[in-house]
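Down below is the structure, laid out as structure tokens.
Keep in mind that the numbers below use all heavy atoms, side chains included, and drop hydrogens, waters and symmetry copies. Just so it is clear, the structure is predicted and the values come from calculations on it, not from any experiment. Counting starts at 1 for both ligands and their atoms, in listed order.
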Amino acid sequence: MQFGIIARKFSSSATVQSAIKNVTIIGGGLMGSGIAQVAAQAGQNVILVDVNSDVLAKSQKSIGANLGRVAKKIYKDKPQDGEKFVAESMARIKTATDPAEASKSADLVVEAIVENIDIKHKLFKQLDEAAPQHAILASNTSSLSINEISSVVKRKDKFGGLHFFNPVPVMRLLEVVKGAETSEETYKSMMEWGKSVGKTCITCKDTPGFVVNRLLVPYICEAIRLYERGDASARDIDIAMKLGAGYPMGPLELADYVGLDTNKFILDGWHKKFPDQQLFKPIPLLNKLVAEGKLGVKTGEGFYKYEKK
Ligand SMILES: CC(=O)CC(=O)SCCNC(=O)CCNC(=O)[C@H](O)C(C)(C)COP(=O)(O)OP(=O)(O)OC[C@H]1O[C@@H](n2cnc3c(N)ncnc32)[C@H](O)[C@@H]1OP(=O)(O)O
Ligand SMILES: NC(=O)C1=CN([C@@H]2O[C@H](COP(=O)(O)OP(=O)(O)OC[C@H]3O[C@@H](n4cnc5c(N)ncnc54)[C@H](O)[C@@H]3O)[C@@H](O)[C@H]2O)C=CC1
């Protein structure tokens with residue numbers, strides 16, 4: 001069993017080439033910044049877009065630091081080559097605040113903005129107008145339907161899901177999601193691009209949560225419910241799953257890491273669609289923490305407290 005080792009290896013040694021050379025990533029938060037990093041590491045030209053320029057400044061800083069970690073490993077005995085790798089990768093990443101303008105020369109646009117269908121629809125309408133005819137549009141959605149997201153675009157054949165995992169530079173999986181109208185050509189390009197950025201790709205149907213989140217989100221939610229009932233302390237729940245089940249993080253640590261807002265967006269969306277499914281019922285404690293702005297690592301507090309970055 002090599003799960004731990006596989007999960008920890010950096011995905012920087014990709015050898016597969018993709019025809020996609022220009023990638024625009026919309027959303028410069030947790031996920032968008034990681035996707036920008038792996039594409040730039042693979043030699044692609046990246047434009048990272050966020051409506052908030054402070055977010056972009058923060059993303060560039062964290063990408064620089066994470067590339068430094070990668071360089072230390074790959075160029076252990078050649079620090080100068082490592083510095084060059086970081087500088088060249090960083091130089092491939094431009095930032096922008098206008099999604100439409102930034103998509104005009106893209107071969108691929110990956111959306112990683114807030115998990116809200118109306119906001120995603122508004123964005124994709126703009127992107128469909130602005131991006132070149134040949135460009136593929138993809139969403140990194142955790143839980144929404146690819147068919148529903150793509151309902152607003154004309155190029156449904158050139159639309160699919162590219163679902164990465166957090167932290168993107170470390171987690172080696174990419175779920176490639178085929179919508180009902182995704183063409184075979186688009187699907188193959190997405191698979192090839194995923195491999196070019198160093199990921200192991202699996203094929204998913206457009207079902208809620210695809211594969212990983214359909215299993216992981218109910219597990220995290222059950223852990224929150226267990227804690228809410230007072231059955232065990234947060235720390236004991238996390239220790240239990242790390243030492244008893246071999247997970248790298250416990251479920252409450254992981255919830256904080258993913259973002260409690262994202263967890264809530266996912267759960268609320270599924271509850272609305274499947275009101276009878278017990279596993280998707282709202283969790284008062286999760287709602288309370290989100291209402292208090294305790295979103296996990298990114299805001300400095302969730303189930304645990306963190307140093308603000
Ligand atoms: C919600 C969704 O739609 C889908 C999702 O993403 S669900 C979430 C999926 N993610 C997970 O389940 C993450 C589970 N956690 C883990 O795998 C690990 O705890 C972790 C990789 C995040 C951190 O590992 P750790 O051993 O606790 O810490 P640490 O030693 O700092 O890091 C391990 C390695 O990752 C690297 N690393 C950690 N965070 C990193 C980051 N943000 N960027 C780049 N590299 C990072 C470190 O440099 C280190 O590399 P080496 O082992 O090669 O030296
Ligand atoms: N957090 C996680 O572990 C994972 C999240 N996802 C999915 O990725 C997407 C993004 O999630 P995170 O990166 O965690 O969120 P985040 O909150 O860290 O980042 C989202 C960013 O999008 C920006 N944004 C919002 N609307 C925008 C718009 N119209 N145009 C440009 N930028 C806009 C925000 O300013 C913010 O910086 C969501 O769909 C989420 O479900 C997928 C895998 C894992």
Side-chain angles (χ1 to χ4, degrees), residues 3-12 24-38 41 48-56 58-59 62-74 76 95-100 102-103 109-127 139-144 149 161-175 209-217 219-220 238 241-242 247-251 253-266 269 295-299 309:
F3 290 168
I5 295 165
I6 289 171
R8 278 172 169 69
K9 273 192 185 159
F10 272 92
S11 48
S12 53
T24 297
I25 291 147
I26 319 282
L30 221 49
M31 297 305 290
S33 59
I35 302 167
Q37 179 184 332
V38 295
Q41 264 175 238
L48 180 60
V49 185
D50 203 288
V51 282
N52 182 339
S53 48
D54 292 343
V55 169
L56 290 171
K58 205 173 147 200
S59 298
S62 79
I63 293 170
N66 287 334
L67 281 168
R69 283 166 151 186
V70 178
K72 265 195 187 150
K73 261 160 251 165
I74 313 179
K76 225 180 355 223
T95 58
T97 51
D98 179 351
S103 304
V109 183
V110 184
E111 167 276 316
I113 67 167
V114 63
E115 188 75 342
N116 175 302
I117 189 84
D118 296 332
I119 302 177
K120 287 193 197 286
H121 273 165
K122 202 169 156 215
L123 174 70
F124 273 114
K125 269 188 206 159
Q126 274 184 290
L127 298 177
S139 176
N140 180 52
T141 181
S142 296
S143 63
L144 299 171
I149 301 176
L162 287 170
H163 184 222
F164 286 85
F165 295 85
N166 179 24
V168 177
V170 182
M171 304 309 283
R172 296 187 68 203
L173 184 69
L174 177 65
E175 291 182 330
F210 316 125
V211 175
V212 172
N213 282 347
R214 182 61 184 84
L215 300 172
L216 195 61
V217 172
Y219 153 72
I220 289 176
D238 283 336
M241 293 314 289
K242 284 189 283 191
Y247 285 35
M249 277 180 177
E253 285 176 302
L254 187 56
D256 275 357
Y257 194 67
V258 164
L260 299 188
D261 51 343
T262 300
N263 280 287
K264 179 171 154 54
F265 284 134
I266 298 173
L295 308 183
V297 179
K298 62 183 163 189
T299 58
K309 284 184 189 164

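- One option in Glu175, Arg69, Glu115 has a heavy atom closer to atom 44 (C) of ligand 1 than any other, and that option is Arg69.
- Looking at Val212 against ligand 1, nothing comes within 4.0 Å, counting heavy atoms.
- Within the structure, ligand 2 lacks Lys122 among the residues with a heavy atom less than 4.0 angstrom away.
- Between His163 and ligand 1, at least one N/O pair is under 3.5 Å apart.
- Here Lys298 does not pair with Asp256 in a salt bridge; the nearest charged N to carboxylate O distance is not below 4.0 Å.
- Here Asn166 has heavy atoms under 4.0 Å from ligand 1 in both its backbone and its side chain.
- Proximity to Phe165 (heavy-atom distance under 4.0 Å) selects the following atoms of ligand 1: 4 (C), 5 (C), 6 (O).
- Looking at Leu216 against ligand 1, only its side chain comes within 4.0 Å, counting heavy atoms.
- Annotation for Leu30 and Tyr257: closest pair CD2-O, 3.7 Å, computed over non-hydrogen atoms.
- The residue among Val258, Asn52, Ile25 with a heavy atom at the shortest distance from atom 1 (N) of ligand 2 is Val258.
- Without hydrogens or angle criteria, Asn116 side chain to Ile119 main chain gives a donor-acceptor distance under 3.5 Å.
- If you look at Phe265 next to ligand 2, there are no close heavy atoms at all, none under 4.0 Å.
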